Amino acid sequence: MADTAKTTHPQPAGRPEKGAEFGYVGIDAILEQMRRKAMKQGFELNIMVVGQSGLGKSTLINTLFKSKVSRRSVMPSDEERIPKTIEIKSVSHDIEEKGVRMKLTVIDTPGFGDQINNENCWQPIMKFINEQYEQYLQEEINISRKKRIPDSRVHCCIYFIPPTGHCLRPIDIEFMRHLSKVVNIVPVIAKADTLTLEERDFFKQKIREDLRVNEIEVYPQKEFDEDSEDRMINDKIREMIPFAVVGSDQEYQVNGKRLLGRKTRWGTVEVENTAHCEFAYLRDLLIRTHMQNLKDITSSIHYEVYRVRRLNENNTHPSDQPNGHSNGVPTHEVLSHEM
Amino acid sequence: MAARWRGVYPALERAFTLTATECCWAKVTNITSNSCFPCLAAQCRHVKPVTKSFLVTRLGSQSRRCWRLSHSPSLAHIIHSCSRGSRDTKEQNARSLTLSGHVGFDSLPDQLVNKSTNQGFCFNILCIGETGIGKSTLMDTLFNTNFENFESSHFEPQVKLRAQTYDLQESNVRLKLTVVNTVGFGDQMNKKESYQHIVDYIDTQFESFLQEELKIRRSLHNFHDSRIHACLYFIAPSGHSLKSLDLVTMKKLDSKVNIIPVIAKADTISKSELHKFKMKIMSELVSNGVQIYQFPIDDETVATINTTMNGHLPFAVVGSTEEVNVGNKMVKARQYPWGVVQVENESHCDFVKLREMLICINMEDLREQTHTRHYELYRRCKLEEMGFKDTNPECQPISLQETYEAKRKEFQADLQRQEEEMKQSFVQKVKEKEGELKESERQLQAKFDQLKRQHAEEKSVLEEKKRALEEEIFSFSNRRAAAELLNAQTLNLKKDKDRKK
């Protein structure tokens, strides 16, 4: 029914005065409209931090968002006990910068890797992530559904690797292997100020090697690069992961400026100095350049995989299936066929 | 111990208000711990039932048991946003945390815009109006290109819709524009069914989007959205009022699509007549309950201009792709012996207003309204029609999965039945055929037997004859032998007689 006739008619750029120019249509004003709409609606971001206790997760999150957003800051500080099982605690905040409002949810997992027997430590976390997908799916398939489905899906999972300097431990490999299929994992080397630069490079190389051998795809995943420009940018990032970070929420005076850092007797580690640690790269990746991309990959790839698997099942609840193998093999489009 | 917890959840100690967009809680004025929490738990859809019991236990002692509320993460973050909000309200009268430095997520809108620019946009306009009223010309003028159009005949038996898709580009924005024209609208003698084709077309587009959304393996972001975002309804410039066809059509379409009425060929109406005409049209629309698209006034940046424009509806437009020299510039205009009507002159017609509203300011809102209002309504009706419900008669939420399962079973049963039927009829046919074959076999056999018998009979007859013949020959040869013997005997006798002489 539609005859497709392609007429490309390049228009002169720029917005002319009212009623003056002949030839201006105004299609590019849609960008402005989109921006307005986005600002009005606000954004949502859900970050999960996973790692053993004492690796500086809460501090890093506070440093990333330059405010006290982590669980430690919100809970009364006598909760120092190490939990007996893995708990999942999520804390939400509304933050705003230059008119852009964002609802940031930080999901913490105290108790990960702290038990004596850490087998299946990834299961509660996997269950939590799948529950978020399930919630979204249920809302999406409702008959009368909300205008804007609240998005509680985990967009990014920051995994903290302790700075042993050798290689990845079995728990790291197990965890990342299972979870890289359902969520974007960004591995970071925590407390990187205990490693010298050579040790750091060696460690990173070992880690990348381990990831490659175990076929673990961390963010940015190679297969989701859209075009060569993306690939170039992401290749640069892939050469740098995992980022060696140092977190701090205290300011010190360095060279006449007040900077975030860790002060020791032999010097001050500046958090935002790229010669000292790679915190700035992590922040740029997560917030300034790839935030939308993280959300897109979560919603259009990981969530869709979950949805396919779920809609092909026969009414079993997703929490009964701890194995998150995301390669469901759907055979046909049952639903549209039935309808 | 209680002291430690006091003030941590101050909001829970007072009253709830709606904070996040997830939950809809009522403002509970009667505050005892038992009344707050069931209310909260019942209305907050994300809370798992198990926490109900915890909630009801008193917050008053604020013991560690209360802490386990956070096992349900959504409840945890609701409580925290709630409590944080109230805490901050005490401090700085704002709900947000202040950042102590530049974090950088203010680039998020840019990231979003960049992504959308890479993908491109799509926009679909439906033009409804009588043949020859100037729909194609207006589209050409609006988008400043020459869409390949040809004049339609006035003799179409039915209203048809012709959709054409174009790729336009302006600076770095790519737009996939689809223009759908109604062909033959208002030309038939009996116009009762005119609107039906249009409604069906719109529904088909919604249906294809719904199908894609319901697929198991879907690709929504690559899907070419063909739903109609805006409908320009062209009103003939009679100067009096709307035609009944217009009213009927617009009434049928107002819940399915954003209708923007325009007065076509506005250069035939004088200014005073135009004003009266516009008032008449708007009052008729209101009195008939037709909901046309109102430009949104909730966003402060565009509220003022949208409100003014809302007052100018319907826009009186003139379309022209020809250029005329006015002053020392070439402008789009229509040249008459008595003057030149300039398309882009605001005192001549409302074309610039239409372009401003349709494209420059509200295109995104049109798309959003189509998706969140009209499409959702269609989806809801369609799914309910198919028998899906959100809650079963006991008011427990049914998962769509269960309904799918039920439907699937029904479908399978149906299939089974049909298969059985087919099998039966097949068996039947086989039997019949077999019977027939047996019958003909028997007949053949009988014929064969008969022939054989005939053959045998004839053979025996022939045998008889042959025997008779042989007997005759035998007797004949006997007689001949006898005759020869006799002959020979007489000859011998004669010889003897001669010798004796």
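In what follows, every chain begins at residue 1, and chains take the letters A, B, ... in the order their sequences are listed. Please read all numbers here as calculations on a predicted model, not as lab measurements.
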Between [options], which residue shows the highest count of heavy-atom pairs closer than 4.5 Å to chain B?
options	value
A:R283, A:K295, A:E140, A:E251	A:E140
A:K40, A:E304, A:K98	A:E304
A:I107, A:L64, A:D296	A:D296

Output the option from [options] having the highest count of non-hydrogen pairs under 4.5 Å with chain A.
options	result
B:T117, B:N345, B:V302	B:V302
B:R380, B:K115, B:R218	B:R218
B:L108, B:N362, B:L177, B:V173	B:L108

Would you confirm whether [X], through its side chain, and [Y], through its main-chain N or O, come within 3.5 Å as a donor-acceptor pair?
X	Y	value
A:Q292	B:D110	no
B:T372	A:K147	no
A:Q33	B:I359	yes

Chain A heavy atoms under 4.5 Å from [X]: which part of the residue, side chain, backbone, both or neither?
X	result
B:I361	both
B:N172	side chain
B:Y375	side chain
B:Q342	neither

Rounded at 0.5 Å granularity, tell me how far [atom1] in [X] sits from [atom2] in [Y].
X	Y	atom1	atom2	answer
B:R379	A:R145	CZ	CZ	3.5 Å
A:M39	B:D106	CE	CG	9.0 Å
B:E364	A:R35	CD	CZ	12.5 Å
A:L311	B:L214	CG	CG	9.0 Å
A:I30	B:L366	CD1	CG	9.5 Å
A:R36	B:T301	CZ	OG1	4.5 Å

Heavy-atom cut-off 4.5 Å, strictly under: side chain, backbone, both or neither for [X] against chain B?
X	answer
A:E272	neither
A:S299	neither
A:E32	neither

Indicate the atoms forming the closest heavy-atom contact of [X] with [Y], along with that distance.
X	Y	result
B:Q111	A:H290	OE1-C, 3.9 Å
B:C360	A:A29	O-CB, 3.2 Å
A:I287	B:S107	O-OG, 4.1 Å

Residue B:Q412 excluded, over 12 heavy atoms near CD under 6.0 Å:
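Check passes, neighbour count above 12.
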With B:S219, which residues qualify under side chain to side chain contact (heavy atoms under 4.5 Å, CB included), at least two apart?
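Once residues adjacent in sequence are excluded, the partners of B:S219 under the side chain to side chain contact (heavy atoms under 4.5 Å, CB included) criterion are B:E212, B:N222.
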